Structure formats: structure tokens, C-alpha cells
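All values reported here derive from a predicted model rather than from experimental measurement. These values consider heavy atoms only, across backbone and side chains, with no hydrogens, waters or symmetry-generated copies. Residue numbers begin at 1 in each chain, while the letters A, B, ... track the order of the sequences.
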Amino acid sequence: MIDLKALRENPDLFRNSQKVRGEDPLLVDQLIAADDLRRIAITEFETLRAAQNTLSKSVGAAKNEDKAALLENAKGLATDVKAADAKRAQAEEAAHKISLQIANLIDPAAPIGGEADFKVIEEIGKPRDFKAEGFAAKDHVELGKILKAIDTERGAKVSGARFYYLTGVGALLELALVNYAIASAVKAGFIPMIPPVLVKPHAMEGTGFLGQAAENVFHLAQDDFYLVGTSEVPLAAYHMDEILENLPIRYAGYSPCFRREAGTYGKDTRGIIRVHQFEKVEMFSFCKPEDAQAEHKKLLQWEKDFFDAMELPYRVIDVASGDLGASAIRKFDIEAWIPTQDAYREVTSTSNCTEFQSRRLNIRYRDENGTKPVATLNGTLVAIPRTIVAILENHQQKDGSVKVPKALIPFLGMDTLVPA
RNA sequence: GGAGACGUCGCAUAGCCCGGUCUAGUGCGCCUCACUGCUAAUGAGGUUUUCCCGAAAGGGAAACGGAGGUUCAAAUCCUCUCGUCUCCGCCA
């Protein structure tokens, strides 16, 4: 949720933000109008209510003969108060509804444009030249088969398209990646968390996932639970309705993630690049708004550290305004090189959501001037399937074996994955 | 799944039966001041949040798990709902 007062003071900023995001700038004007109505309604109600309170008090004190007259008076007032209150509630609801539709005020530093208009910030590592090495790179599906690490066929048999089994070294690889990620997060001061992945609508709403992202969440209609698409949801909602002390607070959440992947028919149908269920270690920070930008850089650095340790070639991109999602004011993705696709593919993403989520979730901190919403940021440390894809494809050798990155060896207990 | 108890100001509790004097008492904690070689003790005062009007000073409204209802008036009465706990059953 955006800052209503800021919007009132500087509507142009918000109109422009909406525009560069490809969202409707007219919502800003609708909100201003609705907010005016809301404030008028509040004042009307409160005036009446104040009159009623005084009158009501005098009823209790009054003697018999005066009482009847006062009561008569009070009854009329009660009706008016009720009507004014209903009007107030309705006006507040209307304004609130519009305010929920307005995206977070974009960071002017974010590149303007659509999905394709990202800016490459840096490229790290060099893609291998398989031709020069004298063999053709196999893709992760093939390697997964050779190593008996990934079974997509049986995944499909049991659960359908976009499901898979990690088997043998594949399963071990996940555990090693997770353990390495958690260990480095703990070293960096994160509190490791294993959160619930079924959440109530309020938590989902509060993190902004029931807006335009709604079609991508699984919903258990019978019990009105949502399956989270990222532990960002339960981690953000963890401190719902609280006033925090000792910021920043950093959590590293390890959880399964569920995504419907609606509207992606025909995209990434092969392998485990795009799946309905996967595990992920997610970093989540609560900090003071003035520290958010620096915190964002730190999250990105931790992500880079991880991919450096995996010895993978990757690039960092600054995601363009039209592709940010409602909560983020700026977003950096790490894209790892995928040899068989001859392309960089997204493996992590870190977002600065400033106070957007905390306003909805009512998460604050205290300073000299009272309480203020905190800033929230999130970033992927490791999303398992895509990282496995990158490791298998980039570190493969001619015979189909895969070299294990040094950092991972102690966690995996082997330096090479060999064909089974 | 069945039966019951409970949910109040940072924490612990009172108030609810018998509606108004209750945003709400008490204890603890915390803050300020006084007293005091120091500490402790003691005394006085203070100690929630959100919103509206206002340049400010200040004024007003709302909140006793949540949502409705009854009433001139609800922490207090009624309904629903969520959560916690206990017992029974069931499963591990």
C-alpha cells in the first residue's frame, strides 16, 4: 500500500510511477477524490458522535421528568449517527480499495520500459566454449537421466506436467545447496526459518500476491488456505501487527514454493526450469526506510557471493519498470548462463519493497517521532531447480559426469557426480 | 470429531453476573522529578495505538481477539467467527 499522505502532497510523482509501470495513472485521481469524500464523511460522523456522547452522558445523570425528553432527543441522534457511520465506513472502504490498486512508488533509478528493457549491470565469469573443448553440451534433462538425478517422466506420471522427482545425487544436491545456503546466511547474521507454507488470505494479501499475481497462486478452496509461492509471504507476515525493535532483522527462510504457472503454456516445458513446486532459500529483511537502498545492495551481494561460490557464469540485471510487480520499487535479477539455451536465465531476484508491504501488514518501528512503517526487502539465496540446472549444465564433462563446485564439496561429500 | 474454560493497556491481573461514574483499577516493568556519600529504599508524576480538524497550541473520534446485533448508551447483554488451553474420542 502506498503512502496516502505522500500521494496527496505529490500526486504527479505517483501518476508518473503508474505510467512507467504500464499501470493506470487515473487511479491516482480516483484515490484523491475518494479520499476527500472519506475525510468529509469522517468529520461528519465524528461531530455527530461527539454530540451523542455528551447527550448520552446527560441521560444517565438526568432525573425522571427530564429524562423522557432527553431520550427522545437521543433517539433521533442515534439514527443520524448510525447513518453517518455507515456512510463513513462505505467511504473508507471505497478509498481503501483504490489505494490497494496503486503500485509502489517506483525508484527513479530503475530503467524505464517493459520486460525486455532491463539494463545489464555486470557480467561475471565466462561461459564455457564447449565446441573448443570438443564436445556438445548436454542439457540438464539428459544429464539428469545419465546421473539418475532428475526424473521428470515419473513426476509427470504421478503429478502431471511440471512436476519432477529429484533422485539419488539430485536429492543430495538439493540438500547440499540448502545446507550451504543456510550456513552462509547464518554466518552473515540471518536467522534461519522454516515457515508454514499454507497461509490465510490476509497474509497473502498483505504481501501483495493477491493482486495481479493472483492467478499464479494455488488456493485450497475448502479451507481457504493459500499455498505460498515463496517464503517471502510467511516471513513478511511473521511480524504482522507488531512494532519492531533492533532493526535490521534478517531471516533466511527455507520452504517449498508452489506456483500455478498460469499462462505459461508452451514455455519451458522441458526439464525443471519452470515447475509447480520447488524448494528455495529466501532472504528477507526488515529495516528502516532510510537503510533500504543499502540493504538492497547487500542482498544482491549475498546472492552474488552464492553464485560465485557455485563457480557459475552469470549476469546481474536491473529489471525495468514495467516488470517489477506492484510491491517493488526496484529489482535486481541474477541470470545464470545456461549453455544449452545459449542464454542467461533468471535464477535469483531481489526486491526493495520499501514500506509497501509493511503498511498493509501493519509492521512498524519506533523513532523519536512515533511509529513508522518499516521497509521490507527480499532476495533469493538459492532456488533449487534452476540452480541445479545451471550447475549440471555448466560443470558437465565430456563423459556426462559433473564437477562439484569447491564450496559445495564438503556439503555433498563428493567432488564429482558420476553417471550411475 | 465431542464436552468445557479462557482471550482486557509491555507483562500479570481486576472489572463482565446487576450496561452509564471504564480507555479502563491494581501489581510488576519502564521514564521523569524529589529525597539521598553511592546503590538500594521511599515519595510525586508519567507510561497504548490509529484517525480527523488545526500553522500551532489544542480539540475531537475510534479501539477491551475479530465481525455483526440490541440500546439514548456495551469491556459488560445477544449472535457468529478466530485463537489458546483442558478433558474425551481418533490417529501417530
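Within 4.0 Å (heavy atoms only), Arg88(A) reaches no atom of the nucleic acid at all.
Side-chain contact, Gln341(A) with Glu393(A): no donor N or O sits under 3.5 Å from an acceptor N or O.
Among the nucleotides C51(B), U49(B), C53(B), the one closest to the side chain of Glu46(A) is C51(B). For Lys200(A), counting side-chain heavy atoms from C-beta on, the closest listed nucleotide (U50(B), C82(B), C52(B)) is C82(B). The side chain of Ala78(A) approaches A73(B) more closely than any other nucleotide in the set A61(B), A73(B), C52(B). Of the listed nucleotides (G60(B), C72(B), C53(B)), C72(B) has the atom at the smallest distance from the side chain of Gln52(A). Comparing U50(B), A61(B), C72(B) against the side chain of Arg364(A) picks out U50(B) as the nearest.
C11(B) and G65(B): their P atoms are spaced 14 Å apart (whole Å). Using P as the reference atom, C85(B) and C30(B) are 30 Å apart when rounded to the nearest Å. Look at the C1' atom in both C64(B) and U49(B): the space between them is 13 Å, to the nearest Å. Across C16(B) and C87(B), the matching C1' atoms stand 26 Å from one another, rounded to whole Å. For the P atom pair drawn from G59(B) and C80(B), the interatomic distance equals 43 Å after rounding to whole Å. The same atom, C1', is picked in A3(B) and in U76(B); the two are 26 Å apart, to the nearest Å.
Under the Watson-Crick and G-U wobble criteria, each requiring two contacts below 3.5 Å, nucleotide C28(B) is paired to G10(B). Using the Watson-Crick or G-U wobble rule with both distances under 3.5 Å, C35(B) pairs with nothing in any strand shown. The partner of C77(B) is G69(B), by the rule that a Watson-Crick or G-U pair needs both atom distances under 3.5 Å. Pair assignment for C18(B): none, as no Watson-Crick or G-U wobble contacts are both less than 3.5 Å.
In this structure, Asp85(A) atom CG and G60(B) atom C1' are separated by 15 Å, rounded to whole Å. For the pair Leu55(A) CG and A73(B) P, the computed distance is 10 Å after rounding to whole Å. Taking atom CD on Glu92(A) and atom C1' on A67(B), their separation rounds to 16 Å, with Å as the unit. Distance, Lys5(A) NZ to G54(B) P: 13 Å, rounded to whole Å. Rounded to an integer number of Å, the gap from CE of Met1(A) to C1' of U50(B) is 12 Å. The interatomic distance linking Asp241(A) (CG) with U50(B) (C1') rounds to 12 Å, in whole Å. Atom CG in Asp35(A) sits about 12 Å away from atom C1' in C51(B), given to the nearest Å. Atom C1' of nucleotide C51(B) and atom CZ of Arg359(A) are separated by 15 Å, given to the nearest angstrom.
OP1 and OP2 of A73(B) both lie 4.0 Å or more from every side-chain N or O belonging to Asn53(A). OP1 or OP2 of U70(B) has at least one side-chain nitrogen or oxygen of Lys82(A) nearer than 4.0 Å. Checking the phosphate oxygens (OP1, OP2) of G60(B), no side-chain nitrogen or oxygen of Arg49(A) falls inside 4.0 Å.
Taking both residues in full, the closest heavy atoms of Arg360(A) and Leu100(A) are given as NH2-O, 3.3 Å, listed atom of the first, atom of the second, then distance. Shortest non-hydrogen contact noted between Leu147(A) and Pro419(A) is CD2-N, 3.7 Å.
For residues 407-420 of chain A, no pair satisfies salt bridge (Lys or Arg N to Asp or Glu O under 4.0 Å), with sequence neighbours left out.
Within the 3.5 Å criterion, the main-chain N or O of Lys138(A) finds no donor-acceptor partner in the side chain of Thr340(A). Between the Ser401(A) side chain and the Gln397(A) main chain, no donor and acceptor come within less than 3.5 Å of each other.
The nearest heavy atom of RNA chain B to Arg39(A) and to Phe45(A) marks one nucleotide each, and the one closer to the 5' end goes with Arg39(A). A residue-by-residue look at Ile243(A) and Ala51(A) shows that Ile243(A) has its nearest nucleotide of RNA chain B further toward the 5' end.
A distance of 6.0 Å or more separates the ring centres of Phe218(A) and Tyr226(A).
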